[in-house]
Amino acid sequence: MLEDIPVLSILTFLPLLGTLITLLLPQSRVRFIRGTAIAFTFLPLLLAIALYVSYEPIVGGGAFAEKLTWLSIPLNTEAGLADKGATSYRLLFDYRMGVDGLSLPLVLLTGAVASMASLASVYIRKRWKLYYALFLLLQTGMYGVFLARDLTLFFIFFELTLIPMFFLIGIWGYFGREQAANRFLVYNGLGSAFMLLAFLILIATAGFSATETASGTTLSFSGSYEVLLANLADPNAAVNQDSIMYLSDNLKWTAFILLVIAFGIKLPIFPFHTWMLKVHAEAAPPVVMIHSGILLKMGAYGLLRFGAFLLPGQLQSWAPVLATLGVINIVYGAILACAQKEFKLVLAYSSISHMGIVLLGIASLNEAGFEGAVFQSVSHGLISALLFLIVGSLHERAETTRIDELGGLASVVPFTSGILLTAGLASLGLPGLSGFVGEFLSFLGLFDSYPWLVAVGVLGLLFAAVYVLRSVLSMTYGPLPDRFAAIRDVRFVEALPMIALTALIVLLGVYPALMTDMMSHSFDGLLKLLQSKVGG
Amino acid sequence: MEKYANQYVIVTIFLVLGIVFPIVVLQIGKLLRPSKPNTEKETTYESGNEPVGDSQIRFNVRYYLYALMFVIFDVETVFLYPWAVAYKQLGLFALFEMVVFVGLLLVGLIYAWRKKVFQWNSI
Amino acid sequence: MTMLGSYLTLAAVLFCLGLYGVLTKRNAIIVLLSIELMLNAVNLNLVAFAKYGINASLRGQVFSLFTMTVAAAEAAVGIAVLISLYRRRATVNVDEYDELRR
Amino acid sequence: MQRFWNDPVSWGHAGIYLLGAIAILAVVIVFVTYAIYFERKVIGWMQYRKGPNRTGPLGLLQTVADVAKLLIKEDTIPAKADKALFILAPALAFVPSFLVLAIIPYGLNLQFADLNVGFLYYVALSGITTIAIILGGWSSNNKYALLGGMRSAAQMISYEVPLVLSVVGIAMMTESLNLREIVIHQEGYFWHWNFLPQIIGFAVFVVAAISELNRTPFDLPEAESELVAGYHVEYSGFRFAFFMLTEYIYVYAIACLATILFLGGWNPPAPQLDFIPGLLWFALKFAFIVFFLFWIRATLPRLRVDQLMGMAWKVLLPLAILNIFLTALGIEWWGKGG
Amino acid sequence: MQALQTLTWNDTWYLAPEIVLAAFTIALALLDLSLPRRIDRDIIGWGAVLGLVTAGVFVGWHIHDLGAWEKAGESPFRNLLDGSYRVDDFGNLLKLVFLGASALIVLASLGTVKKEEVPIKGEFYYLVLPAVLGAMVMASSGDLITLFIGMELLGIASYILVGVRKSSGLSGEAAFKYVVTGGTASAFVLYGMSFLYGATGSTRLSGIAQSIGDAVEGSKALVYVAFFLMIVGFALKLALAPFHAWAPDVYQGAPTPVTSFLGVVAKAAAFAMLYRLFVNTALYAYADTAQVREDLFLALAVLAAAAMIVGVAGALRQQNAKRLLALSGVANAGILLVPLTLDITSFHSSLFSEFIYYLLAYVFMNVGAFAVLTVVSRETGSEELSGFAGLYHRAPWTAAAMTALICSLAGLPVTGGFFGKLFILFGTVQTKQYWLAAILLFTTVVSYYLYFSFIRQMFMRSGDTERQTKVPMATGLVVWICAIASVALGVLPKPILEWVDGLFSVSLDFLSR
């Protein structure tokens with residue numbers, strides 16, 4: 001049933017419709033606006049679940065793929081294409097959407113986290129209309145990023161997340177919100193610039209194709225993912241140096257490094273992480289839920305999608321470097337997390353640490369590693385969303401989230417404390433919760449490739465136990481400062497997302513096959529390529 | 001070619017003579033005339049009054065405006081003369097073109113007129 | 001061709017003098033005059049090329065007529081602007097035209 | 001001089017030219033001397049008085065005596081004056097006035113330099129005198145002089161525009177700016193002379209020319225009643241004489257020019273009369289113009305300064321432009337031949 | 001010596017847009033002079049808009065005719081006056097841009113230009129027309145002399161426009177600075193032209209194109225000197241770094257609509273002239289000239305890069321919105337210059353499409369942004385960035401439109417600015433000018449910070465007043481036209497590019513005689 005309708009486009013553009021409707025509603029009808037926004041957040045989630053149900057790993061995403069020629073830009077033909085027998089010479093930007101085992105988990109994650117964040121938006125106190133409009137717009141961008149199958153389209157969606165996020169951080173954040181928004185913008189803009197350059201290099205070389213039609217030969221440059229994939233994997237292309245398709249090794253390297261930097265900033269990889277701390281500390285809780293829960297994962301996704309799939313050779317050569325960076329992330333994040341007094345910053349550094357694990361998974365170059373990377377992304381997305389939901393809830397009541405100021409919360413807000421403890425345990429990777437599975441798969445994968453790195457990496461996990469337990473326990477137990485005595489436990493509207501997220505974490509922890517099953521086969525092609533490279 | 005060379009030789013001779021003549025005459029005059037300067041003689045003449053202040057004052061901006069007008073219309077003739085000399089070969093369309101050209105300048109004249117550039121209301 | 005060379009040299013010297021004037025002189029009127037000097041250098045160039053250049057033709061002279069005209073118009077506007085500015089500032093020293101720099 | 005034109009340049013020729021130039025200088029000086037005399041006589045006659053009649057027979061030596069007086073008069077330079085410019089100004093005024101004489105054709109074969117751009121040459125050089133007058137006014141450091149100089153400059157540049165434009169019609173009819181060719185073009189009966197077909201141009205030319213000369217009724221720059229003597233208040237002795245000399249040389253030049261441009265130059269009023277030498281015809285017409293200038297001076301009162309400037313821009317300039325287009329239409333109407 | 005080819009009655013049809021503009025200028029000037037003082041001069045403004053639109057209609061007509069001729073197998077251009085004026089698609093397309101942009105600017109200024117600010121409003125309106133006329137002449141000249149005349153017509157008219165706020169010392173100062181730099185730039189361009197004439201013996205672009213090969217063989221130095229002098233001149237005109245120092249001053253001092261005119265039309269016209277001079281002279285046609293061409297284009301590329309970097313870097317520190325936009329204009333001029341510097345190879349010859357598309361986007365975003373600026377500065381009396389503070393509360397719709405314009409300026413998808421930059425980038429990558437692409441991208445990212453400072457002010461700060469901002473009808477219309485066009489160019493760039501590609505061709509418009 002889903003095959004017959006452009007389900008991916010509907011999924012992507014439903015929130016945009018929501019934005020438009022929200023904008024048309026009168027400013028005073030807050031409840032109405034909020035209801036619309038929540039509805040248009042949940043609808044895509046339902047669609048995503050339906051997609052998940054009807055997704056068959058063997059078939060892959062082919063069933064849902066959508067293809068439409070969006071822009072077919074004519075290029076001037078006069079300067080000498082006549083000898084190539086071309087009748088038409090164009091630059092194609094297709095509208096191509098597709099889903100596979102790599103993107104589907106992230107789409108689901110997006111749906112889940114965005115829905116919960118929409119519920120958690122009760123913390124927003126001003127300018128609801130604009131807030132919800134932007135919030136919905138952001139979702140379109142995020143779905144688009146995970147579903148786009150054209151380089152330009154991907155880039156457009158990627159940038160589309162930038163603008164609403166800038167507003168969301170800059171308007172509704174805490175005191176340092178503007179600075180945080182600026183940093184977010186410039187760093188991510190820089191990343192997208194690197195990405196665009198890499199994309200253009202790929203399009204202008206490997207994107208070249210000639211198609212015979214009835215009216216003659218059409219020469220075209222295309223940003224289509226499939227075309228690129230085919231051209232780059234074509235061994236003949238590399239041999240024939242005269243061909244326009246020929247991508248010299250130098251260019252490949254340039255493109256790959258550009259991509260690593262681009263997605264490394266988003267992920268973030270160690271030296272590029274500063275902007276993300278600021279955002280975590282200064283943005284409003286629902287915004288951080290989205291940011292930490294989904295946006296960071298776009299880095300991992302992009303690295304896998306474009307770095308690994310399109311340029312496997314370069315990935316292979318660079319795997320040790322990536323793995324080392326991953327370990328540095330883990331250890332650096334964990335150590336600094338131990339030293340933080342602000343709970344939001346603890347979480348921020350722990351995110352850096354966890355993203356290191358993703359990087360390790362990618363660098364391991366085997367199925368377990370790749371799956372681990374994706375699984376870790378999803379799991380961390382859920383966990384950090386939950387944690388920031390709690391942060392929001394606490395901040396609402398105690399007006400601080402500093403560890404040294406809080407204490408003994410278990411006695412006044414037992415429900416929140418319980419959830420906090422669970423989330424903390426999930427974060428440090430307790431078996432039975434989702435965090436464990438991701439870490440386990442990643443390390444398992446890496447063990448095959450670089451066993452000695454695993455040893456260092458696991459050391460980082462020990463730190464995780466230290467900082468999680470230190471902060472969570474000192475907040476929930478111990479003496480309760482007097483001024484917090486009067487605070488009340490969560491309302492229903494807050495409890496609902498907390499419970500839902502916790503349930504998901506537990507579910508994935510005990511039944512990881514929910515996710516790993518759909519990922520199988522998605523990496524087949526890539527692995528085959530990698531093996532042939534290793535063999536040859 | 002020779003003709004032109006001769007013309008300019010003549011003009012040059014006139015120039016030289018024009019410069020030499022005043023010099024010579026003034027030198028002769030110097031020999032003839034008395035020279036007994038005193039401060040009375042050398043004061044600036046203001047109809048017998050004691051001169052007040054400096055005379056090299058800034059003068060009315062109006063003079064500049066006339067200078068500007070002059071520049072515009074004098075330059076117009078740069079185009080008028082070649083046109084006039086060649087007019088018989090150019091034909092009626094050239095007349096039309098010149099009407100347009102001069103018309104544009106006349107607009108300028110009318111502009112200046114309306115903006116009271118030509119109204120002289122002080123020294 | 002030595003004739004051409006000397007004309008071009010003279011023009012270059014004039015042009016550089018004009019440029020020097022534009023860049024260094026403080027009196028606004030001298031700045032405007034320097035621009036005229038540069039344009040006159042161009043005229044000299046054009047006329048020299050029209051006479052001694054390859055394909056010697058009247059084009060260069062015609063060009064220089066246009067240059068003169070336009071230079072006059074430009075000078076007229078320049079002076080007009082300067083007059084209006086002088087009314088406000090009572091100075092022609094370009095160093096004092098600095099209200100815009102902040 | 002014509003017969004030397006096509007010879008190669010040589011020192012010998014240059015010597016001949018020099019002699020010619022000195023001759024013309026002498027002629028002009030004599031002209032100026034007696035023009036002044038003539039002017040005083042004419043005005044005196046018109047005002048029922050005698051004019052100069054003591055020095056020499058009929059007062060003929062009056063001007064000579066004046067000049068001699070100027071020559072031996074003490075030459076004071078005001079202490080506050082800008083000396084260099086003060087000394088330069090009279091000479092600068094004189095040089096171009098003399099230079100314009102180089103191109104005037106007195107007869108078919110009596111001309112020094114024959115330039116293709118004859119009229120433009122005249123206009124260009126006479127413009128330099130304006131600078132000299134401003135210089136004189138400015139360097140004297142005298143309020144009257146400055147005002148006179150500025151007025152003079154404004155007046156001269158204002159009237160230069162109609163003056164130049166009034167001749168365009170002739171250029172269109174003749175297809176040349178060469179003064180000789182302009183005269184040759186007017187051959188035939190007197191109604192072939194330009195003053196009839198170019199009657200508007202002629203009128204504009206005469207008015208503008210009088211004004212260019214700074215003569216009454218346009219002598220605002222040296223208006224005795226307002227500015228004492230205008231730009232040359234501070235000049236005395238022979239420096240003053242040079243300003244006067246310049247003014248009268250321009251009278252001479254303008255009279256020649258009017259003759260050439262509008263009155264057919266050396267052409268007789270009817271071809272039958274060509275047994276009388278062209279030079280004589282030229283002299284007659286020239287003398288008439290000079291007389292006319294003096295006549296005007298004696299008759300008309302001085303204009304007010306605002307009327308003066310208004311006249312140039314609001315009356316003469318439109319008229320001159322009108323004349324151009326009437327000429328163009330006339331040429332279209334009566335054919336290219338005429 | 002060729003026979004003299006004079007203008008004929010026939011040619012007036014091809015010159016119709018120019019003639020219309022000239023006629024409207026005269027008519028409006030006379031109208032302005034004859035109307036009594038008390039009548040509001042907005043009527044002159046409407047007249048100017050009408051004139052611009054009429055001229056635009058004629059240009060459109062010509063485009064249509066040229067297209068019909070091309071179909072019929074005739075050459076799709078007309079040479080007037082022995083090739084010194086040329087009606088072709090290159091010129092026509094640019095003319096449309098000039099006319100459209102000017103019409104928008106005049107429209108936006110109707111109602112916002114106050115009498116106290118510009119005491120001679122009528123003049124302000126009708127002086128735009130000759131300036132545009134100059135720009136049009138520049139776009140369609142085939143001769144150095146005509147090019148120069150066009151340049152000066154535009155230049156002189158804009159000197160006056162800059163100084164039209166007679167009561168303001170700032171305006172006068174800006175005008176004087178503009179006169180001096182403009183005059184110097186003209187002198188440089190002319191000096192270069194004189195050498196080009198000397199080297200090739202012709203002032204016709206076609207004549208130059210024929211003999212430039214020999215000229216390079218004969219005296220390479222002369223050709224180099226010619227082109228480099230012209231490059232310096234144009235760099236000054238276009239305010240490319242390091243010759244940009246005058247731009248912020250002049251832009252700040254000029255009345256805002258004029259600033260917008262200078263930023264858009266004057267710049268575009270200079271580019272048109274650059275194309276005529278550098279591409280029409282057929283440096284491509286000879287093997288001898290390859291070296292010269294490479295050197296020249298490298299020099300231009302370096303200038304473009306410098307302009308992008310310096311423009312953005314300089315703008316970062318600005319607190320005055322006009323100066324900021326001026327410096328952003330410097331950076332944008334650098335971007336617009338990039339396509340010109342790209343080689344024409346067998347895979348890349350769409351330099352003009354890239355140029356004109358970004359130009360179009362630039363027109364809309366710049367005119368729109370300046371229109372918003374006039375509204376804001378009229379309300380708050382300040383041209384500082386802080387004047388935008390809280391605009392979202394005062395005029396939410398205007399703020400929204402401004403956001404779209406800002407996105408286009410910053411080059412964020414999906415706007416015209418984004419696609420414009422994307423095409424230019426693609427061109428650079430196709431011709432393997434990676435360094436240029438990298439600089440373009442890098443400066444674009446830094447400029448995010450710059451342009452988002454408007455957004456920060458509008459949405460994240462609160463202004464002094466909560467009073468609703470009044471947006472005059474005409475200005476509001478322009479703002480919205482620009483905002484919508486900016487977005488539309490991003491969503492559907494195809495029709496325009498197809499159209500341009502169908503009309504324009506390198507060989508017919510630039511290289512054939």
Side-chain angles (χ1 to χ4, degrees), chain C residues 4 8 11-12 15 18-19 22-23 28 31-32 34-39 41-50 52-60 62-67 69-71 73-89 94 97-102, chain E residues 1-2 143-146 148-149 151-153 155-157 159-160 162-163 166-184 186-195 197-204 207 211 214-215 218-219 229 248-250 252-253 319-320 323:
Chain C
L4 180 59
L8 294 190
F15 191 84
L19 186 59
V22 170
L23 295 176
V31 171
L32 288 178
S34 300
I35 293 175
E36 296 301 304
L37 194 58
M38 288 164 86
L39 292 172
V42 173
N43 282 342
L44 192 55
N45 238 9
L46 286 169
V47 175
F49 278 127
Y52 299 106
I54 58 169
N55 293 340
S57 65
L58 276 179
R59 288 243 172 100
V62 174
F63 201 159
S64 65
L65 277 187
F66 278 96
T67 315
T69 325
V70 168
E74 207 171 84
V77 171
I79 294 280
V81 164
L82 193 57
I83 290 172
S84 126
L85 185 55
Y86 181 81
R87 281 182 177 164
R88 301 249 113 220
R89 299 280 177 83
V94 287
Y97 295 159
D98 57 355
E99 268 185 42
L100 284 165
R101 202 160 290 140
R102 269 181 301 164
Chain E
M1 202 72 188
Q2 297 147 297
D143 191 295
L144 296 183
I145 301 177
T146 348
F148 170 68
I149 294 298
M151 183 171 92
E152 288 301 310
L153 185 53
I156 290 173
Y159 302 151
I160 305 172
V162 171
K166 276 203 298 196
S167 54
S168 150
L170 293 185
S171 188
E173 185 181 324
F176 182 71
K177 284 180 179 171
Y178 196 41
V179 168
V180 172
T181 41
T184 314
S186 304
F188 269 103
V189 172
L190 261 181
Y191 200 39
M193 281 178 167
S194 75
F195 279 112
Y197 166 67
T200 58
S202 175
T203 58
R204 289 269 187 288
S211 47
D214 299 336
S219 51
L229 283 168
D249 283 2
V250 171
Q252 186 196 345
Q319 286 306 308
N320 181 298
R323 287 177 86 87

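Side-chain atoms are counted along with the backbone in the values below, which use heavy atoms only and exclude waters and symmetry mates.
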Part of Thr67(C) lying under 4.5 Å from any heavy atom of chain E: both

Shortest non-hydrogen contact between Ile35(C) and Val179(E), atoms and distance: CD1-O, 4.2 Å

Ala48(C) portion near chain E, given a 4.5 angstrom heavy-atom threshold: neither

With sequence neighbours excluded, residues passing side chain to side chain donor-acceptor pair (under 3.5 Å) with Thr200(E): none

Report, one line per pair, each donor and acceptor closer than 3.5 Å where one atom sits in a side chain of residues 186-193 of chain E; sequence neighbours left out.
residue	atom	partner	partner atom	Å
Ser186(E)	OG	Glu152(E)	OE2	2.5
Ser186(E)	OG	Gly182(E)	O	2.9
Tyr191(E)	OH	Ala12(C)	N	3.4

Thr146(E) side, atom OG1; Phe63(C) side, atom CZ - distance, nearest 0.5 Å: 8.5 Å

Engaged part of Phe15(C) at the chain E interface, taking heavy atoms whose separation is under 4.5 Å: side chain

Ala80(C) versus chain E, the contacting section by heavy-atom distance below 4.5 Å: neither

Engaged part of Ile145(E) at the chain C interface, taking heavy atoms whose separation is under 4.5 Å: both

Minimal non-hydrogen separation, Ala73(C) against Ile156(E), with atom names: CB-CD1, 3.7 Å

Side chain / backbone / both / neither for Tyr178(E) at chain C, heavy atoms under 4.5 Å: neither

Contact winner vs chain E - Val81(C), Asn45(C), Val77(C), heavy-atom pairs under 4.5 Å: Asn45(C)

Engaged part of Leu46(C) at the chain E interface, taking heavy atoms whose separation is under 4.5 Å: both

Nearest-0.5 Å distance that lies between atom CZ in Arg59(C) and atom CG in Leu144(E): 9.5 Å

Segment of Ala215(E) engaging chain C (4.5 angstrom heavy-atom cut-off): neither

Note, Thr184(E) side chain near Leu23(C) side chain (heavy atom, < 4.5 Å): no

Contacting moiety of Leu153(E), where chain C heavy atoms sit under 4.5 Å: neither

Minimum-distance pair of heavy atoms, taken over all atoms of Leu85(C) and Glu173(E): CD1-N, 3.4 Å

Part of Val70(C) lying under 4.5 Å from any heavy atom of chain E: both

